[in-house]
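Accompanying notes for the structure given below.
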Amino acid sequence: MIKALLTHNIKSNYKIFLIFLAVMTMYSSIIIGMYDPDDAAAIEAMMDLMPEALMNAMNFTIISGDLIGFIGGYYYGFIIVLFPMIFTIILSFKLMGKIIDDGSIAFILSTPHTRKSMIITQISTLILNIFTLLFATTIIGMLLTEIMFAGLLDIQVYILLNVGAFLLFFAIGSITFFCSTVFNEAKNAIGLSIAVPVGFFIIDMLASVSEDIAFLRFFSIFTLYDNIAIVTGEAWIWLQFLALLAIGIFLFIGSTIVFLKKDLTI
Amino acid sequence: MFSISFLTLKTLCIPYFLDTKTINYYYKAIDKAFTKEPLMIEIKNLTKSYGTNKGVFNLDLTVQKGEVFGFLGPNGAGKTTTIRHLLGFITPDNGTVKIAGKDCFKEAHTIQKDLGYIAGEIAFFNHMKGAEFLHFIAKMRALSNLDKMHSLIEFLELDIHVKIRKMSKGMKQKLGIVAALMHDPKILILDEPTSGLDPLMQNKFVELIKREKKQGKTILMSSHNFEEIERTCDRALIIKNGKKMALSNIKDLKNVERKIFYVALQNTKDKDIILKSDLKIIKQNHTDFEIEVSGNLDYFIDVLSTCKIKSLDIKKQQLEQVFMDYYKEGGGKDD
């Protein structure tokens, strides 16, 4: 790990980080604000006004009438998937794909550090950013529910939802990072690191729309983050968490191995 | 072997005849003559193929400690590919690339401690200011003494308080030079270091290189500007299509220089003598000729001695032209 590089990475990316944090905070405050502990039926009636297929595609489901069931369905069904995904794609491209493509990585590699410590620093930056983003939104969400609906939130399930989300983006981050590392050209790096997670995302949406194509969900990584199962307390979610962790570790190590041997035409 | 005979000489002979000061002077001279400067850069049989004529093929190159080595060749000749090997960015298909005896790929990080590098196409972190960038590089190198950085900035007249994105090509080049030299490295690898600099700055750069050379730095630089190579380098290598074309001392290169003579004849009748001779006539205007002579002048003088000459003048060709010939001739044979 190279401290100077880590500082540099954080300085170069804090603006995007803050933008995503602001957007996610906005959505979570709107969604939490929509909750009405006395009248779950009213919300359901409001949701009924929307086309059902759209609601399904966005995974907007009321899992249960309590607060955790509400935000677990709305916020953790869609917002938590979409925004960190975009953040992860942008960040992994900036950390590897871009500097390999434009050659500015030459400045890093012409200082007395090994490629290994360099890529470990980049991976750490990515994980640290994802972690901090989700940690901050978790804390903000807790504060918001505490202000609006004191004592109503099931903290344990809430934290599980966020741990799962972190593991999901640990895995997705490893995919986008791998794409960014393998290719020499930006168009391939960014192309594939957008195509893979967005492809998974679309598959996940399609699979939710109709029962006929529900089998498609087995081809999407988002299936490994089952917000409904977490809220209803299924035991198998731990297996899914483990799978996400394994994918992440495997691909981050894979990226490192590829990078150590890679020819850099810079 | 040398050291034994030298020691014998030292202990047995000289002390009886000369005073200590003189002896020491001779000792040093003998030492210098017999000590071979170690090889700083050593490329053996390097091959890296990107398809026919693209890449580098069976290239050998050595640069001794304290030597300034010029690396010349047309675009796409393989200069940058060779330099990428030296920096440890790519691995050879075949052959070895070493700096100070260390493998350039495996031990890149150790080599980098004493290496300064200017890339052919420098890409910076554009969102930073010049000063921010230099401090970042200094931190990456754990460099605490920034004296050389400041003196370089002053010498090159660089404004570092500008965002890199807004810098002109020349300014960026200067920034690259400062970043490469500020840690006072023992070895410099410079890929077209003066591209984008104005002629005044190119002169300053040559001055800078001479100064570094005086301090015993080993320098390998590629360039298209022959004058620059001529003024700074001890030896130069020309490559084309990834193959070695010529390796020479700069002095030798100057010797193969082509010369163009302006010859004006007194009489029109002598015209035919020139026209019928084997001399290479570039231009002719009545009795005025422009004649090109490469190498040996004897034949030229012989022919002229049979004519009446009004005036004879020499147009000195830029050495760059010589290189152009190398580039072209080599290409003809190869293609």
Side-chain angles (χ1 to χ4, degrees), chain A residues 1-19 90-91 93-122 125 181-186 189 256-266, chain B residues 48-50 54-55 80-81 83-93 104-129 132-143 164 172 175-176 179-180 182-183 185 187-191:
Chain A
M1 177 96 90
I2 310 162
K3 222 176 114 192
L5 183 57
L6 186 69
T7 321
H8 164 78
N9 287 340
I10 291 170
K11 269 191 201 161
S12 313
N13 294 306
Y14 79 97
K15 276 183 196 157
I16 314 175
F17 176 85
L18 290 179
I19 289 169
I90 294 174
L91 196 61
F93 177 66
K94 282 187 79 181
L95 287 173
M96 287 305 279
K98 186 175 173 288
I99 60 173
I100 291 176
D101 177 69
D102 71 14
S104 52
I105 197 176
F107 275 111
I108 298 170
L109 292 179
S110 54
T111 57
H113 297 283
T114 57
R115 284 193 185 195
K116 198 170 162 189
S117 53
M118 187 239 153
I119 193 169
I120 286 173
T121 310
Q122 301 306 81
T125 310
T181 309
V182 169
F183 297 105
N184 276 328
E185 278 180 52
T256 309
I257 292 169
V258 168
F259 185 65
L260 292 186
K261 296 187 176 167
K262 189 179 167 70
D263 272 0
L264 294 160
T265 47
I266 45 175
Chain B
K48 179 83 179 179
S49 171
Y50 295 111
K54 274 187 189 161
T80 301
T81 304
I83 286 173
R84 278 178 189 146
H85 281 95
L86 288 169
L87 267 292
F89 295 157
I90 53 180
T91 46
D93 290 345
C104 285
F105 191 80
K106 287 180 197 144
E107 296 182 71
H109 62 289
T110 335
I111 294 171
Q112 294 296 353
K113 280 181 195 156
D114 288 321
L115 188 80
Y117 168 58
I118 299 177
E121 276 174 45
I122 312 181
F124 292 96
F125 305 107
N126 282 327
H127 60 281
M128 295 174 113
K129 282 183 180 166
E132 254 177 287
F133 173 76
L134 290 175
H135 283 109
F136 166 59
I137 297 294
K139 270 188 198 141
M140 289 290 284
R141 293 195 166 276
L143 184 72
I164 300 177
K172 285 184 186 172
L175 189 64
M182 66 182 185
H183 58 292
I187 305 163
L188 290 170
I189 294 178
L190 316 172
D191 197 355

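Lettering of chains follows the sequences in order, A, B, ..., and the numbering in each one begins at 1.
Within residues 4-16 of chain A, the residues having any heavy atom under 4.5 Å from a heavy atom of chain B are, by residue number, A:A4, A:L5, A:H8, A:S12. Annotation: residues 256-266 of chain A contacts chain B through A:L260, A:K261, A:K262, A:D263, A:L264, A:T265, A:I266 [non-hydrogen atoms, separation under 4.5 Å]. Residues of residues 110-122 of chain A lying under 4.5 angstrom from chain B, judged on non-hydrogen atoms, are A:S110, A:T111, A:P112, A:H113, A:T114, A:R115 in numerical order. For residues 114-122 of chain B, the interface with chain A (any heavy-atom pair closer than 4.5 Å) comprises B:Y117, B:I122, sorted by residue number.
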Between B:F133 and A:F107, is the ring-ring contact (aromatic ring centres under 6.0 Å, His included) condition met? List the steps.
CA-CA 10 Å; B:F133 173 76; A:F107 275 111; 4.8 Å; yes

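Taking each heavy atom of A:G103 and B:A123 in turn, the nearest pair found is C-CB, 3.9 Å.
Only the side chain of B:A179 comes within less than 4.5 Å of a heavy atom of chain A; its backbone N, CA, C and O stay farther away. Heavy-atom distances place the side chain of B:R84, and not its backbone, under 4.5 Å from chain A. For A:I2, the part sitting under 4.5 Å from any heavy atom of chain B is the side chain, from C-beta outward, and nothing else.
Ranking B:M140, B:R141, B:K139 against chain A, the residue ahead of the rest is B:M140, based on heavy-atom pairs under 4.5 Å.
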